[in-house]
Q: 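Here it is, the structure in full.
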Amino acid sequence: MEAGNEAGENEAGNEAGENEAGENEAEAAADGAVGEKGSSTRSRRVVRAGRLSGLWRPRRVVAALAILALCAGGGYAGWKLYENRVVDQAEQQAVATAKDYAVTLTSIDSGSIDENFAEVLAGATGEFKDMYSRSSSQLKQMLVDNKATSKGVVIDAGVKSASPGRVEVMLFVDQSITNTASPEPRVDRSRVVMTMEKVDGRWLASKVDLP
């Protein structure tokens, strides 16, 4: 009887061990499945992140280039606007000065010839100033001898070409002249092309042509 009981206990122990081993194997399988699932999930996330970053990288480059293009275009447009404004201002100043200088240049009184010539030279520069200085003595004597007077009036003026520091102005001038040979005033109408240059903040005539 005792031997039979012992054999029964051994069989029961073996069954319990087998059951425990089965449970352990099931738990291990479950853990493995969970690990595999977790590993698979992490892998998919990395793939997705890589794909998204790959997709976003060209878009970022395109966006950056678009911003740079807009900035460059805006900067160029701004510069052109500023440049046009500067040239417009130069035209206005140069034309106004040229009109006043044309009156000075064509209005002469033999009784105040030195003052007239001093005003002409004060508004000149470069080539024209040199030429006028060289011929002033002879011109003065001729005007005094003929008791000449003249009065100039600018009828119209416009711009031929312009830059911030140099403007070509075309003027239409009527000059009323009297002298000993012609006591009655006569009107000479002239077209004058005057080159104005900005020197030390002042607009001066560097060239005067009568085309």
Side-chain angles (χ1 to χ4, degrees), residues 72-211:
Y76 178 76
W79 167 251
K80 289 301 293 182
L81 182 63
Y82 170 76
E83 186 179 47
N84 291 338
R85 189 177 302 163
V86 170
V87 172
D88 289 344
Q89 186 177 17
E91 288 181 1
Q92 293 173 10
Q93 294 174 351
V95 169
T97 305
K99 289 169 74 173
D100 290 341
Y101 190 68
V103 172
T104 300
L105 191 61
T106 56
S107 298
I108 298 172
D109 185 350
S110 57
S112 56
I113 195 72
D114 289 333
E115 293 177 10
N116 293 151
F117 273 66
E119 289 176 355
V120 170
L121 290 173
T125 189
E127 177 185 337
F128 180 67
K129 186 173 186 176
D130 293 341
M131 183 273 293
Y132 200 84
S133 296
R134 288 195 301 268
S135 61
S136 60
S137 297
Q138 183 179 356
L139 185 56
K140 279 182 185 180
Q141 191 60 50
M142 182 181 67
L143 293 171
V144 170
D145 291 344
N146 289 279
K147 296 182 181 179
T149 61
S150 65
K151 179 67 176 177
V153 178
V154 176
I155 304 303
D156 198 6
V159 175
K160 285 191 68 178
S161 64
S163 66
R166 186 176 184 273
V167 180
E168 269 191 307
V169 184
M170 179 175 285
L171 306 106
F172 296 89
V173 182
D174 281 359
Q175 186 179 20
S176 178
I177 302 170
T178 61
N179 52 43
T180 53
S182 178
E184 293 298 321
R186 82 170 191 276
V187 176
D188 282 351
R189 292 181 174 171
S190 304
R191 184 176 63 175
V192 181
V193 177
M194 195 177 295
T195 302
M196 307 297 294
E197 293 188 10
K198 197 170 189 178
V199 180
D200 296 331
R202 296 178 60 211
W203 286 98
L204 303 173
S206 64
K207 191 174 182 181
V208 178
D209 292 325
L210 282 80

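Keep in mind that what you see is a predicted model, and the values were worked out from it rather than measured. In this chain, residues are counted from 1 in sequence order.
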Q: Quick one: does Ser107's side chain have a donor or acceptor within less than 3.5 Å of a partner on Gly152's backbone?
A: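 Such a contact is found between Ser107 side chain and Gly152 backbone.
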
Q: Which heavy atom in Val154 sits nearest to a heavy atom in Ala102, and how many Å separate them?
A: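 Looking at all heavy atoms of both residues, the shortest contact is CG2-CB, 3.9 Å.
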
Q: Restricting to side chain to side chain donor-acceptor pair (under 3.5 Å), what partner residues turn up for Asp209, sequence neighbours left out?
A: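 Result, side chain to side chain donor-acceptor pair (under 3.5 Å) vs Asp209: none returned.
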
Q: Please name all residues satisfying ring pair (Phe, Tyr, Trp, His ring centres under 6.0 Å) with Tyr132, sequence neighbours left out, ordered by chain then number.
A: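 Expected list: Phe117, Phe128.
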
Q: Which atom pairs, donor and acceptor, lie under 3.5 Å between side-chain atoms of residues 192-201 and protein residues at least two apart or in another chain?
A:
residue: Glu197; atom: OE2; partner: Ser206; partner atom: OG; Å: 3.2

Q: Could you give the distance from CG (Asp174) to CG (Asp188), rounded to the nearest 0.5 Å?
A: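 Asp174 atom CG to Asp188 atom CG measures 9.0 Å (nearest 0.5 Å).
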
Q: Rounded to the nearest 0.5 Å, what's the gap from OG1 on Thr180 to CG on Asn146? Could you check?
A: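 Here the rounded value is 4.5 Å.
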
Q: Looking at every heavy atom in both Asp109 and Asn116, which two are closest together, and how far apart are they?
A: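 Heavy-atom minimum between the residues: N-OD1, 2.8 Å.
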
Q: Does Asp156 have any side chain to side chain donor-acceptor pair (under 3.5 Å) partners at least two apart in sequence or in another chain, and if so, which?
A: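 Once residues adjacent in sequence are excluded, Asp156 has no partner under the side chain to side chain donor-acceptor pair (under 3.5 Å) criterion.
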
Q: State, with a plain yes or no, whether a side-chain heavy atom of Arg186 is found less than 4.5 Å away from one of Asn179.
A: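 Touching, per the 4.5 Å side-chain cut-off.
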
Q: Which pair of heavy atoms, one from Ala157 and one from Leu171, lies closest together, and at what distance?
A: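 Ala157 and Leu171 have their closest heavy atoms at CB-CD2, 4.0 Å.
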
Q: Taking all atoms of both residues into account, what is the closest heavy-atom pair of Ala205 and Tyr101, and its distance?
A: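 So the two residues come closest at CB-CE2, 3.6 Å.
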
Q: Determine whether Val87 and Pro164 make a side-chain contact, defined as any pair of heavy atoms from C-beta on separated by less than 4.5 Å.
A: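 Touching, per the 4.5 Å side-chain cut-off.
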
Q: To the nearest 0.5 Å, tell me how far Ile108 CD1 sits from Lys151 NZ.
A: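 Ile108 atom CD1 to Lys151 atom NZ measures 12.0 Å (nearest 0.5 Å).
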
Q: Who are the side chain to side chain donor-acceptor pair (under 3.5 Å) partners of Ser150, not counting sequence neighbours?
A: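 Applying side chain to side chain donor-acceptor pair (under 3.5 Å) to Ser150 gives Gln175.
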
Q: Listed by chain and number, what are the side chain to side chain donor-acceptor pair (under 3.5 Å) partners of Gln93, not counting sequence neighbours?
A: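 Partners of Gln93 by the side chain to side chain donor-acceptor pair (under 3.5 Å) criterion, ordered by chain and then number, come out as Trp203.
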
Q: Can you measure from CE (Met142) to OG (Ser137) and round to the nearest 0.5 angstrom?
A: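 With rounding to 0.5 Å, CE (Met142) is 12.5 Å from OG (Ser137).
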
Q: Minimum heavy-atom separation for Ser133 and Leu121, please, with both atom names.
A: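 Smallest interatomic distance, heavy atoms only, reads OG-CD2, 3.3 Å.
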
Q: Just how far is it from atom CG of Asp114 to atom NZ of Lys140, taken to the nearest 0.5 Å?
A: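 Output value for this atom pair is 4.0 Å.
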
Q: Mind checking the CD1-OG spacing from Ile177 to Ser182? Nearest 0.5 Å is all I need.
A: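 Reported value, rounded in 0.5 Å steps: 8.5 Å.
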
Q: Shortest non-hydrogen contact from Pro185 to Thr178?
A: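 Taking Pro185 first and Thr178 second, the nearest heavy atoms are CA-CG2, 3.6 Å.
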
